[in-house]
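All remarks here apply to the structure that follows.
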2 protein chains.
Amino acid sequence: MGTIRVTLADVARSAGVSQTAASFVLSGRRKEMRISAEVEARVLRAASETGYRPNIVSRSLRTGTSHTIGFVSDTVATTPFAGHVIWGALDAARDRGHLLFIGETEGDPDLERQLIDAMHDRGVDGIVLASMYTRKIAVPKTLMDRPAVLLNAVPTTRSWIPSVVPDEVEAGRTVVRVLLDAGHRDGIALIGAAPPNQVPKGSLAGVQRLQGITEALHDAGVNLAGAVPCVDWQPDIGYDATRRLLKKTMPSALICFNDRVALGAYQALADAGLDVPADVSVVSFDDDLMASWVRPQLTTVALPHYELGREAINVLLEEDPQRRSNRPPPIHRIPMPLRERDSVRRLPSSQRRARAATVA
Amino acid sequence: MGTIRVTLADVARSAGVSQTAASFVLSGRRKEMRISAEVEARVLRAASETGYRPNIVSRSLRTGTSHTIGFVSDTVATTPFAGHVIWGALDAARDRGHLLFIGETEGDPDLERQLIDAMHDRGVDGIVLASMYTRKIAVPKTLMDRPAVLLNAVPTTRSWIPSVVPDEVEAGRTVVRVLLDAGHRDGIALIGAAPPNQVPKGSLAGVQRLQGITEALHDAGVNLAGAVPCVDWQPDIGYDATRRLLKKTMPSALICFNDRVALGAYQALADAGLDVPADVSVVSFDDDLMASWVRPQLTTVALPHYELGREAINVLLEEDPQRRSNRPPPIHRIPMPLRERDSVRRLPSSQRRARAATVA
DNA sequence: CACACGTGCTGATTCGATTTAGCACGTGTG
DNA sequence: CACACGTGCTAAATCGAATCAGCACGTGTG
């Protein structure tokens, strides 16, 4: 306890050389300073014998880089979402020799600014600003001075700040492909949004999932059997929307805009005496925990939390050189993997052959 | 972008005074240096006009305190447990002007050491070492050099390091009190552990919950109607244990050693045609999410995640003075609050009067 | 032999704040 | 008038590593 730290000066003295020599050896740049192999050996030996560890605070003051990253999110760790994002960020940071500060804003812009400033005061190399759900955010001015990345968010204001977001458009295409591949065609209906752009207010995910879905359907020459928008993607609202749909038409497959909506749809279908997937197939988005709890387990396209966290760190640490170029800020889209479970029925091969014929 | 930071020297120059004067004014110690009110005003004005913010890296190098804390846990944020602990730690840290590094060891001692060292290298003021579940841990040597606190763990080795843990003994007393208050007396049985010390291997919580329970029962002069230990506190094991109990006796109330065990007990009771709470009351520990999902909702004693996180930070930041005293390291026990829900039946007042008479 | 040049290292400065030591000036005291 | 003492401030050292600017010594070249 209270062990005094070994400094570079100690190592240099113990190796009988100057601090400069020791410094260059230990940073692996001995050739640059033309340090002899013999001196190198002495320094390395002294360093390992004394148990020298460089003081990063000091290095940071001199060089301006701290091997430290700030991670600021509106909600930290109380949801599995945020948990896995942080997990990915931690892993990526560790792989690259960085440590992570974390902070939670609770959605308060003042707190957000204070946290960002507090991190900058501590010399972080950059900041990841993360959002719970995908949306556009006004980038705090205080974030603009130094390297930064938005996670699960895109900037409203003009800025050079890169974003890392799930590839929702492609996910929309994916769910359509799943249904088409299983032989569904004319009975596909949407729960949670409707073309051309009826989505929950402020929901970027809604817009993009819908875009992917409509594009994929259009490419296949398929028309929707129906579509009921929701003001919010919650189970009870999804329940009501599904009941309304069933009054007008009998779908063969539902695309629900997230797993909570799908849960509501499950209940409405059950109430109507319909079986999933025998009578109606269901596909969805997010891969919430509940997706594997419900019976039948839900086929859904997962939000790639862990990968989002990883990629945000990687983008941040590679971001500097191209900064301030006049191109629009890069948006990195992370694939959303399909989790195939038990809520989609493969139609009998006769029908599938029919479809194959149509396509050909 | 790339805005150059204002330094103390800039502020001093702009106020027309020395750095020393500016420094003492800004740290609120002007009387100590006998700085005039007029100079104070000039400095404060210059600081706010230039938007000066102290460089904490530099301060840290000089003073050795960084207003930064390391939080190392075996599992970070992927469970609501860890999430709420971190949430509490973040709040406490913010309240005291500190920022939190976090790190995850995945149970790997090497990684643990590396993380602790990396944090020390960055000049953290102290480290919280957190464990997913309450247990004894070997304190890493590298943790001993500087302030530290164990969270949800107590040291096996002799060390001065304080611990913050849930007050499991008192929680044991609490569940007994709930049952006694509701009029239960002779029909109380345990699922998950049995006196004197049959608990899942390595489970500190088991030992302490059992201790509290047996003490409270003894104080009330009540004997157990039965007790079935479990090798692990999982639903299926709780299910089996409950079935075994029911073959021997008909309890009026079960004390389950955690909520997962209680879930198994619910199923076994249902299979036996018994209603909760009409036929059998159930109380438990942890307040897992599932405790409010099951029907009837489960009366349980909650693990105080948020408070554990808060208290760990508070203890850490107040820990220095008494350090290295020869007394054993302090163990801070955090109360586990009772969540009264619907799984306990109040016995008819006749029986309760009978009990009151017995006691009197 | 004079001088350039390469080799192998060292001394001193820097980053930005904190802090110790001490200086100049005025006022009161014997 | 000499001298102590209080007041209000400044200069310079310090924390630990990185790094710029050289210095000494040998070797080769004209």
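In the text below, chain A, chain B and the rest are named by the order of the sequence lines, each starting its count at 1. Model, not experiment: these values are computed from the prediction. Worth knowing before you read on, the calculation uses all heavy atoms, side chains too, and leaves out hydrogens, waters and symmetry mates.
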For this session: Answer yes or no: is there a donor N or O on one side and an acceptor on the other, between the side chain of A/R42 and the main chain of A/A15, under 3.5 Å?
Result: yes

Problem set entry | Rounded interatomic separation in angstrom, taking CD from B/E32 and P from D/dT10 | 17 Å

Exercise. For the side chain of B/S58, counting heavy atoms from C-beta on, which of D/dG16, C/dA17, D/dT10 is nearest?
Worked result: C/dA17

Exercise. Are A/R310 and A/Y306 in a cation-pi contact, defined as NZ or CZ under 6.0 Å from the six-membered ring centre and within 45° of the axis?
Worked result: no

Problem set entry | Interatomic distance where CD1 belongs to A/I35 and C1' belongs to C/dG6 [whole Å] | 15 Å

Problem set entry | Donor-acceptor contact below 3.5 Å, side chain A/T142 vs main chain A/P140 | no

Exercise. Which part of the nucleic acid does A/V17 contact within heavy-atom distance under 4.0 Å: base, sugar-phosphate only, or nothing?
Worked result: sugar-phosphate

For this session: Determine the contact category for B/V57: base if any of its heavy atoms lies under 4.0 Å from a base atom, sugar-phosphate if only primed atoms, P, OP1 or OP2 are that close, otherwise nothing.
Result: nothing

For this session: Determine whether more than 12 heavy atoms belonging to other residues, nucleotides or ligands lie under 6.0 Å from atom CZ of B/R45.
Result: no

Problem set entry | Nearest-Å distance for atom pair NZ/C1', residues B/K31 and D/dT7 | 15 Å

Exercise. Ignoring hydrogens and geometry, is there a side-chain-to-backbone donor-acceptor pair from A/S18 to A/A21 under 3.5 Å?
Worked result: yes

For this session: Nearest whole angstrom, please: distance from the P of C/dA17 to the NE2 of B/H67.
Result: 15 Å

Exercise. Which listed nucleotide (C/dG16, D/dA17, D/dT10) is nearest to the side chain of A/N55?
Worked result: D/dA17

For this session: May I have the distance from B/R42 (atom CZ) to D/dG8 (atom P), rounded to whole angstrom?
Result: 14 Å

Problem set entry | Out of C/dC9, D/dA17, C/dG16, whichever nucleotide has its closest atom nearest the side chain of A/T7 | D/dA17

Problem set entry | Side chain B/D74, main chain B/E106, donor-acceptor under 3.5 Å | no

Exercise. Is a side-chain donor or acceptor of A/D125 paired with a backbone partner of A/T65 at a separation under 3.5 angstrom?
Worked result: no

For this session: Round to the nearest Å and state the distance from B/I56 atom CD1 to D/dC15 atom C1'.
Result: 16 Å

Exercise. Which nucleotides of nucleotides 18-26 of chain C have their base under 4.0 Å from a protein heavy atom (B), which only their sugar-phosphate (S), and which neither (-), written as one string 5' to 3'?
Worked result: BBBB-----

Exercise. Rounded to whole angstroms, how far apart are CD on A/E38 and P on C/dG8?
Worked result: 12 Å

Exercise. Hey, is the main chain of B/K136 close enough, under 3.5 Å, to the side chain of B/T156 for a donor-acceptor pair?
Worked result: no

For this session: For the pair A/R5 and B/D121, evaluate salt bridge (charged side-chain N to carboxylate O under 4.0 Å, His left out) and give the outcome as yes or no after the intermediate values.
Result: CA-CA 10 Å; A/R5 269 186 90 102; B/D121 292 347; 2.9 Å; yes

Problem set entry | Divergence of helical axes at both termini of the helix from C/dC1-D/dG30 to C/dG30-D/dC1 - five pairs an end, 10° steps | 80°

